[in-house]
Amino acid sequence: MKTYVVGGAVRDVLLGLPVQDHDHVVVGATPDEMIACGFTPVGKDFPVFLHPETHEEYALARTERKTAPGYKGFVFHAEPDVTLEQDLVRRDLTINAMAQGEDGVIIDPFGGQKDLQARIFRHVSDAFAEDPVRILRVARFAARFTDFTVAPETNDLMRRMVEAGEVDALVPERVWQELARGLMESKPSRMFEVLRACGALARILPELDALWGVPQPEQHHPEIDTGVHVMMVVDYAAQRQHSLPIRCAALMHDLGKGATPKEEWPKHHGHEARSVRLVEQVCKRLKIPNDCRDLAVMTAREHGNVGRALELRANTIVSLLERCDGFRKPERFIDMLHASECDFRGRAGFADRPFPQLAHLQSALAAARSVNAGEIAARHAGQPTNIPQAIHAARVQAVSKVID
């Protein structure tokens with residue numbers, strides 16, 4: 001029995017990066033032998049065990065055979081005669097197909113170290129094409145390792161996979177899981193760049209893919225292209241280390257511009273309402289969590305109003321707060337302001353411009369929330385139908401004092 005550290009842990013050590021998790025492969029062992037050594041079995045599809053002390057995962061070396069479309073259509077073979085190289089060859093990229101023995105020696109049968117030095121994502125073998133999740137993983141890695149490029153032959157293979165319909169077999173939850181992880185990397189735009197290059201974005205997020213080539217007014221958007229703008233927005237959100245819901249809202253806030261009739265270009269009147277419909281469509285299809293969906297819908301609907309905040313009267317601002325449920329969920333409203341700030345700064349030459357709308361609406365929210373709604377309701381107990389109007393009027397008065 002021999003054990004090896006494999007995959008990302010080896011890669012990250014060679015890159016000088018901190019290692020989050022250690023995955024291990026065991027060669028020459030049976031499940032019974034692992035259990036006899038104190039390991040706890042946890043694998044459902046193939047033998048995986050937890051170390052009795054470190055609780056790190058140890059998987060028996062295995063081979064796999066494609067039996068059906070999608071990423072679940074595999075039969076696994078894990079026996080003592082499976083070699084380390086046979087286990088490594090089934091992995092996605094050469095930089096993830098290295099192992100390190102207990103003696104510290106790196107086993108690198110597919111040139112992973114060379115590709116690390118060249119900053120290249122290259123598939124290990126044609127077995128890559130058997131699992132469409134690997135397209136999403138390569139794209140996600142591009143968002144993390146921002147100076148790496150996809151090898152031309154790997155991009156060609158991913159394109160053939162897309163054309164063969166492999167991406168269409170992905171379940172929504174797995175698509176969102178990978179997209180969410182990529183959104184939380186340092187430069188999310190690179191994930192979408194890779195997905196576009198192989199044609200996968202048009203299959204999994206056609207509403208987003210439609211934005212490239214759609215012009216916007218140059219005086220407001222010097223970058224002109226809507227797809228370019230949205231990528232700048234989501235990268236700015238990452239630069240500010242915003243949460244996943246804010247990054248998701250940044251990504252989808254302008255989807256409606258992809259549905260603007262061409263004869264109206266470069267203007268996009270009414271794109272907010274179209275964006276809301278498309279955001280809801282995407283979130284339903286990909287089963288995106290409610291916190292991300294709700295903030296994305298609100299941002300799509302209101303980012304234009306936030307941009308005009310300095311021009312809005314107190315009554316209109318209070319209506320905005322009410323519409324956004326800002327009194328019960330003030331943190332979510334603030335998140336929407338941050339997503340809208342990303343929209344403003346995600347334009348060519350706008351990153352360092354002032355955005356006073358953020359502080360303006362934060363002050364308005366604080367003033368409106370200072371109104372004692374319970375006290376007003378008590379004063380109008382005899383005429384309960386007047387309570388909402390009275391509370392609204394008091395909030396308008398409070399906001400007027402801080403914005404005028």
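Predicted model, so just to flag it, every value in this text is computed and none were measured. Numbers here are sequence positions counted from 1. Computed from heavy atoms alone, side chains included, the values below leave out hydrogens, waters and symmetry copies.
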Take a 6.0 Å sphere around [atom1] of [X] and say whether it holds more than 12 heavy atoms from other residues, nucleotides or ligands.
| X | atom1 | value |
| --- | --- | --- |
| Gln383 | CD | no |
| Arg313 | CZ | no |
| Asn372 | CG | yes |
| Glu264 | CD | yes |
| Glu153 | CD | yes |

May I have the list of side-chain donor-acceptor pairs in residues 387-398 shorter than 3.5 Å, sequence neighbours left out?
residue, atom, partner, partner atom, Å
His392, ND1, Glu322, OE1, 3.2
His392, ND1, Glu322, OE2, 2.8
His392, NE2, Asn315, OD1, 2.7

Without swapping roles, check the side chain of Arg285 against the backbone of Ile204 for a donor-acceptor pair under 3.5 Å.
->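 Yes, because the side chain of Arg285 sits within donor-acceptor range (under 3.5 Å) of the backbone of Ile204.
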So, the side chain of Asp325 versus the backbone of Lys329: is there a donor-acceptor pair under 3.5 Å, distance only?
-> no
Over-ring placement of Arg353 relative to Phe350, 6.0 Å and 45° cut-offs | yes
For a 4.5 angstrom cut-off between non-hydrogen side-chain atoms, does [X] reach [Y]?
| X | Y | answer |
| --- | --- | --- |
| Cys248 | Met252 | yes |
| Val5 | Asp23 | no |
| Gln100 | Val105 | no |
| Asp87 | Tyr4 | no |
| Asp225 | Val214 | no |
| Phe128 | Met161 | yes |

Trace of the side chain to side chain donor-acceptor pair (under 3.5 Å) decision for Ser340 with Gln357 = CA-CA 9 Å; Ser340 299; Gln357 295 91 327; over 6 Å; no
If you round to the nearest 0.5 Å, how far is [atom2] of [Y] from [atom1] of [X]?
| X | Y | atom1 | atom2 | answer |
| --- | --- | --- | --- | --- |
| Thr149 | Arg119 | OG1 | CZ | 10.5 Å |
| Leu320 | Arg308 | CG | CZ | 10.5 Å |
| Leu321 | Glu302 | CG | CD | 10.0 Å |
| Arg332 | Asp294 | CZ | CG | 5.5 Å |
| Leu361 | Ile334 | CG | CD1 | 8.5 Å |
| Arg174 | Leu136 | CZ | CG | 8.0 Å |

Evaluate the salt bridge (charged side-chain N to carboxylate O under 4.0 Å, His left out) criterion for residues Arg181 and Glu185: first the C-alpha distance (whole Å), next the side-chain angles of each, then the deciding distance (0.1 Å), finally the verdict.
-> CA-CA 7 Å; Arg181 293 177 70 181; Glu185 297 291 359; over 6 Å; no
Cut-off 3.5 Å, side chains only: do His24 and Glu57 have a donor facing an acceptor?
-> no
Strictly by modelled atom types, are Asp343 and His229 linked by a side-chain donor-acceptor pair under 3.5 Å?
->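 Judged by distance alone, the side chains do pair up.
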Go through the structure and list residues passing side chain to side chain contact (heavy atoms under 4.5 Å, CB included) with Ala139, not counting sequence neighbours.
-> Met191, Val194, Leu195
Ring centroid separation Tyr58 to Phe39 under 6.0 Å | yes
For the rings on Phe344 and Phe355, is their centre-to-centre separation under 6.0 Å?
->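 Yes.
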Which heavy atom of Met184 sits nearest a heavy atom of Ser243, and at what distance?
->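 The pair with the smallest heavy-atom distance is SD-C, 4.2 Å.
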Donor-acceptor pairs under 3.5 Å, side chain of residues 270-283 to any protein atom, not counting sequence neighbours: which ones?
residue, atom, partner, partner atom, Å
His271, ND1, His268, O, 3.0
His271, NE2, Asp254, OD1, 3.1
His271, NE2, His303, NE2, 3.3
Arg274, NE, Gly256, O, 3.1
Arg274, NH1, His269, O, 3.2
Arg274, NH2, Thr260, OG1, 2.6
Ser275, OG, His253, O, 3.4
Ser275, OG, Gly256, N, 2.7
Ser275, OG, His271, O, 2.8
Gln281, NE2, Glu207, OE2, 2.7

With side chain to side chain donor-acceptor pair (under 3.5 Å) as the test, would you mind laying out the steps for Asn96 and Asp92 before giving the verdict?
-> CA-CA 7 Å; Asn96 296 329; Asp92 51 7; 3.2 Å; yes
Could you walk me through whether His51 and Glu53 pass the side chain to side chain donor-acceptor pair (under 3.5 Å) check?
-> CA-CA 6 Å; His51 190 280; Glu53 296 176 4; 5.1 Å; no
